[in-house]
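Counting begins at 1 with the first residue of the sequence. Counting convention: from 1, in listed order, for ligands and their atoms alike.
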Amino acid sequence: MKYVSTRGAAGVTAAEALVYGLAADGGLYVPESMPQQVPDWATMCDLTYPELAAEVLRLFFPEWSQERCLEICRRAYTGTFCAQGIVRVREVGAQRYFTELYYGRTLAFKDLALSVFPHLLQAAKEDLGMTGTTLILTATSGDTGKAALEGFRDVPGTEILVFYPEHGVSSMQRAQMRTQPGDNVHVCGIEGNFDDAQSFLKDVFESPELRAYAAAQGVHFSSANSINIGRLLPQIVYYIRTYTELLKHGDLARGETFHAAVPTGNFGNILAGYFAKRLGVPIGRLVCASNANHVLADFFATGTYDRRREFAATLSPSMDILISSNFERFLYYVLGEDAAKTAEYMRRLKEDSVFTLCEEERAGITDFLGGWQDDAATLTTMREMYGRYGYLPDPHTAVAIGVVRELQEAAKLPEGPVVIMATANPYKFPDALAEALELPRKDNPYEMMWEVANTTNLPIPTSFLQMEHEPVRFDEVVAKEDMERVVRRCIDGVKEKRNG
Ligand SMILES: *Cc1c(COP(=O)(O)O)cnc(C)c1O
């Protein structure tokens with residue numbers, strides 16, 4: 001199967017798409033056509049998670065054998081998750097379910113894809129006979145960075161460099177990255193927000209000078225951001241698992257649909273839901289939930305994507321994004337896989353910061369509903385969920401809960417079961433928990449966690465208990481303009497390592 005750019009560049013193999021990350025014309029890779037012969041997912045209730053994941057990979061990498069896909073998925077999901085089924089589907093309230101996606105090493109849903117992705121990349125490099133070093137460049141709004149660091153830590157032939165917004169992540173997210181072990185990992189804070197980091201990295205990928213500089217040292221760039229097809233595809237799996245779990249426990253009859261609500265930032269998670277729907281999972285509406293950075297909610301309401309607004313730092317930092325990179329893939333499908341039109345809209349977005357779909361094109365977005373919640377509403381939802389059900393969601397998940405409730409109250413969401421994607425362990429955000437539970441504020445996030453634990457009896461993840469005693473390995477913070485210098489330093493480091 002070939003992969004083509006959303007902006008029209010010629011097709012490449014799956015292995016090339018995995019290794020390049022971004023297409024040469026700045027577009028994102030998508031499969032040339034959606035797989036046609038898809039399995040009947042309903043019969044897959046008894047497959048293990050790695051077995052199910054292998055089925056999905058096979059659809060998108062038909063050149064790879066069944067055994068190879070299974071081997072990759074087994075390695076990815078063995079010993080890396082603390083829930084037996086990898087994800088858990090739980091009913092909380094009538095016809096409302098949570099698919100809990102945070103049982104991986106770094107306690108956020110990013111682990112689902114970033115446990116597989118390094119293996120996919122290794123396989124792709126093997127196929128292409130690539131030898132040199134891969135430098136994984138990653139911008140993070142908080143959770144991708146840590147999950148990518150864990151996924152790529154000490155993987156041979158690989159270095160990883162993560163940029164995070166120094167003032168735009170939670171205390172625990174920051175501590176997770178700054179204490180990261182491994183001999184091939186690099187972490188750097190920036191004075192700027194996530195959009196700055198992400199757009200800089202796009203420039204690096206497109207910079208012939210920097211690529212040439214790297215190539216001269218035997219280094220090529222790749223990305224662990226959700227622009228990479230290797231991030232997107234593994235995320236389809238848990239939408240299918242959600243479906244099989246609902247069937248298995250009699251919560252859904254065959255042929256019945258469910259709605260899926262997703263706390264959204266870069267549009268990677270919800271896009272995987274859209275793919276799952278296209279592959280036959282009976283998803284009714286996809287609910288795109290935003291925080292105060294509600295560019296996407298506005299888009300679904302009006303058909304206008306307008307990023308001309310102030311960036312807001314919120315209690316749900318992993319959704320603090322105004323330029324959702326995966327949105328381009330969605331747009332491509334909405335426009336009937338028309339790359340020229342997609343390129344034109346992306347050009348308008350870059351030059352004018354705004355574009356509007358015409359009436360006819362808007363017909364393609366009716367599967368989606370958008371909504372948003374500010375911090376005050378988010379805290380109220382957390383407090384109510386805990387008070388009423390003893391279920392304490394993290395602030396991102398709480399945004400989605402609030403959006404679903406509003407859409408239901410306004411009768412915009414048709415009847416039927418709703419599944420909310422629960423994207424992080426609440427302890428990643430101790431300050432928000434304390435505020436929601438009205439506990440006294442403490443400067444030390446570990447003390448804050450204990451306050452929460454003593455009040456709620458919710459166990460603190462062991463990795464967080466250990467982290468308090470681990471040394472900070474990375475404390476560098478640079479201006480945006482200096483990010484290129486940090487990348488060059490990393491490249492030089494590879495050369496020294498090889499010589500040393
Ligand atoms: C990354 C993240 C999101 C947003 O997911 P996207 O795929 O970027 O839309 C939501 N919640 C949490 C906890 C995250 O880490």
Quick check for students: name every N or O atom pair between ligand 1 and the protein closer than 3.5 Å, with distances.
unit_1	atom_1	unit_2	atom_2	d
ligand 1	7 (O)	Gly268	N	3.1
ligand 1	7 (O)	Asn269	N	2.9
ligand 1	8 (O)	Asn266	N	2.8
ligand 1	9 (O)	Gly265	N	2.8
ligand 1	9 (O)	Asn266	N	3.2
ligand 1	9 (O)	Phe267	N	3.0
ligand 1	11 (N)	Thr423	OG1	2.9
ligand 1	15 (O)	Lys110	NZ	2.6
ligand 1	15 (O)	Asp143	OD2	2.4

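Residues satisfying the ring-ring contact (aromatic ring centres under 6.0 Å, His included) criterion with Tyr238, sequence neighbours excluded, are absent altogether. Evaluation of the ring-ring contact (aromatic ring centres under 6.0 Å, His included) rule for Phe205 yields no partner, not counting sequence neighbours.
Between Arg241 and Thr244, the side chains place a donor N or O and an acceptor N or O closer than 3.5 Å (distance only, hydrogens not considered). Defined by atom type and a distance below 3.5 Å, a donor-acceptor pair is present between the side-chain atoms of Tyr239 and Asn269.
Residue pairs meeting the side chain to side chain donor-acceptor pair (under 3.5 Å) criterion with at least one member in residues 279-298, sequence neighbours excluded: Asn291-Asn293, Asn291-Thr314, Asn291-Ser316, Asn291-Asp320, Asn293-Asp320, His294-Asp298, Asp298-Arg309.
At a threshold of 4.5 Å between non-hydrogen side-chain atoms, the residues Phe300 and Leu369 do not count as touching.
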